[in-house]
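What follows is a single structure, written as structure tokens, with notes after it.
Values reported hereafter were calculated over all heavy atoms of this structure, with side chains retained and with hydrogens, waters and symmetry mates removed. Just so it is clear, the model here is predicted, and its values are computed rather than measured.
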Amino acid sequence: STCDGKRGLPDCGSVREVIARFDAAESEAQHEKAASDLAALRLTTPLLVAMTLLSAVSWFCECLAAYVCVRGLSLDLSLADTVVAFSLGSLAGAASFLPGGLGVAEASMIGLIRVLGDTSRAAAAAATLLIRLATLWFAVALGLIGLAVESRVAARAQPVRRSSMR
């Protein structure tokens, strides 16, 4: 490829930069170079496998967090049942196309915990609330903190504009 980087990963700049070069190409040679750079940015098999494994580990860690919440409430739900309840509830929420699957994920998890764990509605709702606080809302809070920090850093980096009129 025309933009080889270290460790087999392309070093072509950001995707936006490459697309901008592709759109701005005036000659056939520039167009071919930009097209080649775009092709080099494709996902390689090792990268795709690594990202899939990382995603699976992340999901399993969320399932473990859900299991800790369930066990903390002394519910009779195995790790396998917790994984099923959390995963299917999350998938149902994603299929609803609502932000965070709000409402759908919780209702699904409550129903699955009640059936799989033979628990009361109140216990299943408490477990679901705790699970969602420990997984979804914790991540949302971290994201909001990160956004606030980034906004402050960006605001400091901007130069102060002074009027040229006096």
Side-chain angles (χ1 to χ4, degrees), residues 1 3-19 22 37-157:
S1 161
C3 54
D4 294 323
K6 299 174 184 172
R7 299 183 186 156
L9 297 176
D11 184 21
C12 307
S14 74
V15 173
R16 285 185 180 170
E17 291 171 0
V18 175
I19 291 172
F22 184 82
D37 289 351
L38 278 173
L41 286 173
R42 72 188 183 286
L43 288 177
T44 61
T45 303
L47 183 61
L48 185 59
V49 169
M51 290 188 313
T52 302
L53 288 174
L54 183 62
S55 178
V57 168
S58 171
W59 262 85
F60 187 69
C61 287
E62 286 200 32
C63 290
L64 283 177
Y67 183 67
V68 168
C69 293
V70 165
R71 296 307 301 158
L73 293 173
S74 300
L75 300 182
D76 187 28
L77 205 62
S78 68
L79 176 61
D81 289 341
T82 304
V83 168
V84 168
F86 180 76
S87 298
L88 291 180
S90 296
L91 289 173
S96 72
F97 293 105
L98 293 171
L102 292 179
V104 176
E106 288 82 1
S108 301
M109 283 186 213
I110 289 170
L112 287 165
I113 290 171
R114 286 191 71 197
V115 169
L116 296 172
D118 193 28
T119 61
S120 68
R121 182 181 303 154
T128 300
L129 178 65
L130 195 56
I131 289 167
R132 295 293 274 179
L133 284 172
T135 57
L136 174 70
W137 293 108
F138 179 70
V140 169
L142 286 178
L144 290 173
I145 291 168
L147 182 62
V149 168
E150 177 62 27
S151 296
R152 289 184 132 216
V153 168
R156 286 184 191 157

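For Ser78, the side-chain hydrogen bond (donor to acceptor under 3.5 Å, both in side chains) partners are Asp81, not counting sequence neighbours.
Gly100 and Leu136 make their closest contact through O-CD2, 4.2 Å (heavy atoms, listed as atom of the first residue, atom of the second, distance). The nearest pair of heavy atoms linking Ile113 to Ala127 is CD1-CB, 4.2 Å. Closest approach of Tyr67 and Leu79 over heavy atoms only: CE1-N, 3.3 Å. Contact between Val83 and Cys63 at its shortest, heavy atoms only, is CG2-CB, 3.7 Å. Taking all atoms of both residues into account, the shortest heavy-atom contact from Ala65 to Thr135 is CB-CG2, 4.3 Å. In terms of heavy atoms, Gly89 sits closest to Ser108 at CA-CB, 3.7 Å.
Side-chain atoms of Thr128 and Arg114, non-hydrogen and from C-beta on, never get closer than 4.5 Å to each other. A 4.5 Å side-chain heavy-atom check between Leu116 and Leu77 finds at least one atom pair inside the cut-off.
Atoms CG and OG1, on Leu64 and Thr82 in that order, are 9.5 Å from each other to the nearest 0.5 Å.
The 12-atom threshold is not exceeded at CH2 of Trp137, counting heavy atoms of other residues, nucleotides or ligands nearer than 6.0 Å.
Ser58 places no side-chain N or O within 3.5 Å of a backbone atom of Leu54 that could act as its donor or acceptor partner. Although no hydrogens or angles enter the test, the distance criterion places a donor-acceptor pair under 3.5 Å between the side chain of Ser90 and the main chain of Phe86. In this structure, Arg71 contributes its side chain and Leu75 its backbone to a donor-acceptor pair below 3.5 Å.
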